[in-house]
S.K.: 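What follows is a single structure, and I will ask about it in a moment.
Excluded from the calculations below are hydrogen atoms, water molecules and symmetry mates; all remaining heavy atoms, backbone and side chain alike, are included.
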Amino acid sequence: MKAAVISAPGRVEVTTVTDPAPGPREVVVDVAGCGLCGTDLHILQGEFAPTLPVVPGHEFAGTVVAAGGEVTGLAEGDRVAVDPSLYCYACHYCRIGRNNLCERWAAIGVTTAGGAAEFAVAPAANCVKLPEHVRTEDAALIEPLSCAVRGYDILRSQQLGTHVLIYGSGTMGLMMLELAKRTGAAGVDIVDVNPQRLATARQLGCSNAAGSADELDRPRGWEVVIDATGNERAIQDALGRVGKGGTFLQFGVSDYAARAVIEPYRIYNQEITITGSMAVLHSYERAAELFAAGVLDPGVFISDRLPLDQYAEALDRFKAGQGRKILVTP
């Protein structure tokens, strides 16, 4: 079968690899669509994936074409979205319900072959069946949505009527916008340096969209500030925009070397909370339900659909900040 392979830092190619076979509790999925994510860029630059080569792609959906002998509840022909998370279920963090912090954390498309291929293997337990009205390739959006749901789990102390500021109006920032609108925010402002992405934020109904928070009239700051960029300059600016008693959520994935300066006295004196959200935790099924209910419009969120043969070009587009969610379709 054909697959995109990141063979070394900075090197990706589409090549022929061995067809996958399912283990006893696994299925083989005929991939209909695979989304690109910032994590894929980190893998390309030599971060995140513990070893290379690897077939990337942790956001994907498709049709089951083979099932292991111990699989129940799934059969050939079932359309599924795949939670890429692979936990050991035995370490301290798994045993206390914090599986996303697993000491042996792994993920399809990061530590094992992923969905940037014609076929991918996944544990049957990680597959969620899709209702008839959901297009299979669009369901690749469920995984990033599940990360956004996890982010709002972290922000569960957010009260009705809060004012939210989001840095970044790429796919993840826009998903955080859509969820903020549904969790009782009085207003959701967006900051981004990309005018096209700001236009999409306005289309989705943000309160204000600007190139800098200086353009927004909020002298007391915001109760909730979310970074969805991973950019250290944006993060540094965002930390200074949190109002008294407010919360800063680090949601975007930064480079390992990124640094930001905090003001300990201000954090103490103004009772500011700084927290983070890591991937998926008990949120994938809820995200699938929200997606099926129409919380996201795939026509807005998916800007590009490229064939698998153009995976390298898709990465280049994503890295350049072009479009929103980019899918490859094997």
Side-chain angles (χ1 to χ4, degrees), residues 3-6 12 14 17 20 26-62 80-88 99-102 104-128 130 136-151 170-172 175 228 230 251-254 277-285 287-288 291 296 301-302 306 308 311-312 314-315 318-319 324-330:
V5 178
I6 297 176
V12 60
V14 177
V17 300
E26 295 177 328
V27 296
V28 175
V29 175
D30 182 351
V31 178
C34 177
L36 271 64
C37 169
T39 300
D40 298 315
L41 294 182
H42 285 284
I43 294 172
L44 183 62
Q45 66 189 33
E47 297 180 346
F48 280 49
T51 59
L52 295 176
V54 69
V55 176
H58 59 278
E59 304 175 1
F60 67 99
V80 296
V82 179
D83 179 351
S85 307
L86 302 173
Y87 309 129
C88 76
N99 304 67
N100 63 327
L101 304 181
C102 175
R104 290 175 281 276
W105 182 88
I108 301 168
V110 180
T111 58
T112 65
E118 294 179 297
F119 301 95
V121 172
N126 289 47
C127 297
V128 175
L130 300 173
T136 314
E137 58 268 34
D138 293 346
L141 288 170
I142 292 174
E143 195 281 337
L145 180 59
S146 70
C147 294
V149 171
R150 169 61 182 160
T171 301
M172 300 313 300
M175 286 187 177
F251 183 70
V253 182
S254 300
S277 174
M278 162 59 184
V280 180
L281 180 64
H282 311 312
S283 55
Y284 196 90
E285 285 76 8
F291 188 76
L296 304 180
F301 274 80
I302 300 171
L306 300 177
L308 178 62
Y311 187 82
L315 276 178
F318 184 78
K319 187 175 182 179
R324 294 172 297 282
K325 178 57 66 179
I326 298 174
L327 293 188
V328 290
T329 54

S.K.: Report yes if the side chains of V27 and C127 come closer than 4.5 Å at any heavy-atom pair, otherwise no.
M.R.: yes

S.K.: Given the rule in the side chain to side chain contact (heavy atoms under 4.5 Å, CB included) test, do N126 and L86 qualify, once you have shown the distances and angles that lead to the verdict?
M.R.: CA-CA 9 Å; N126 289 47; L86 302 173; 4.2 Å; yes

S.K.: Does the side chain of C34 reach to within under 4.5 Å of the side chain of L308, using non-hydrogen atoms?
M.R.: no

S.K.: With rounding to the nearest 0.5 Å, note down the distance linking NE2 in H58 to CD1 in I108.
M.R.: 11.0 Å

S.K.: Which heavy atom in E26 sits nearest to a heavy atom in V121, and how many Å separate them?
M.R.: OE1-CG1, 3.3 Å

S.K.: In Å, rounded to the nearest 0.5 Å, how long is the span from CG of L130 to CD1 of I142?
M.R.: 5.5 Å

S.K.: Of all heavy-atom pairs between V54 and T112, which one has the smallest distance, and what is that distance?
M.R.: CG2-O, 3.9 Å

S.K.: How many angstroms lie between CZ in R324 and OG1 in T171, if you round to the nearest 0.5 Å?
M.R.: 8.0 Å

S.K.: For the CG atom of L281 and the SG atom of C147, what is their distance to the nearest 0.5 Å?
M.R.: 11.0 Å

S.K.: Can you give me the closest heavy-atom contact between V110 and P50, atom names plus distance?
M.R.: O-CD, 4.0 Å

S.K.: Considering only heavy atoms from C-beta outward, does the side chain of D83 approach that of V128 to under 4.5 Å?
M.R.: no

S.K.: Do you know which two heavy atoms are closest between A49 and I43, and how far apart they sit?
M.R.: CB-CG2, 3.8 Å

S.K.: Is there side-chain contact between F60 and E143, with at least one heavy-atom pair below 4.5 Å?
M.R.: no

S.K.: Less than 4.5 Å apart, any side-chain heavy atom of L145 and any of L296?
M.R.: yes

S.K.: Treating S146 as the side-chain partner and V280 as the backbone partner, does any N or O pair qualify as donor plus acceptor under 3.5 Å?
M.R.: no

S.K.: Considering all heavy atoms of both residues, which atom of A228 and which atom of F251 are nearest to each other, and what is their separation?
M.R.: CB-CD2, 4.2 Å

S.K.: Would you please test L315 and L41 for side chain to side chain contact (heavy atoms under 4.5 Å, CB included) and show each step?
M.R.: CA-CA 7 Å; L315 276 178; L41 294 182; 3.9 Å; yes

S.K.: Taking ring-ring contact (aromatic ring centres under 6.0 Å, His included) as the test, write out the residues that go with F301, two or more places apart.
M.R.: none

S.K.: Taking C-beta and beyond as the side chain, do V31 and F119 meet within less than 4.5 Å on heavy atoms?
M.R.: no

S.K.: Counting C-beta onward and ignoring hydrogens, is there a side-chain heavy-atom pair between D30 and E118 closer than 4.5 Å?
M.R.: no

S.K.: Under a 3.5 Å distance rule, please check whether Y284 uses its side chain to pair with a backbone N or O of V82 as donor and acceptor.
M.R.: yes

S.K.: Decide yes or no for I302 and E137: does some side-chain heavy atom of the first lie under 4.5 Å from some side-chain heavy atom of the second?
M.R.: no

S.K.: Let's go through Y311 and L306 carefully: what are the C-alpha distance in whole Å and the side-chain angles of both, what is the deciding distance for side chain to side chain contact (heavy atoms under 4.5 Å, CB included) to 0.1 Å, and is it a yes or a no?
M.R.: CA-CA 7 Å; Y311 187 82; L306 300 177; over 6 Å; no

S.K.: Identify the two heavy atoms, one from F318 and one from I326, that lie closest to each other, and give their separation to 0.1 Å.
M.R.: N-CD1, 3.6 Å

S.K.: Any salt bridge (charged side-chain N to carboxylate O under 4.0 Å, His left out) pairs touching residues 40-60, not counting sequence neighbours?
M.R.: E59-K325

S.K.: Out of curiosity, W105 CH2 to N99 CG, how far, rounded to the nearest 0.5 Å?
M.R.: 12.5 Å

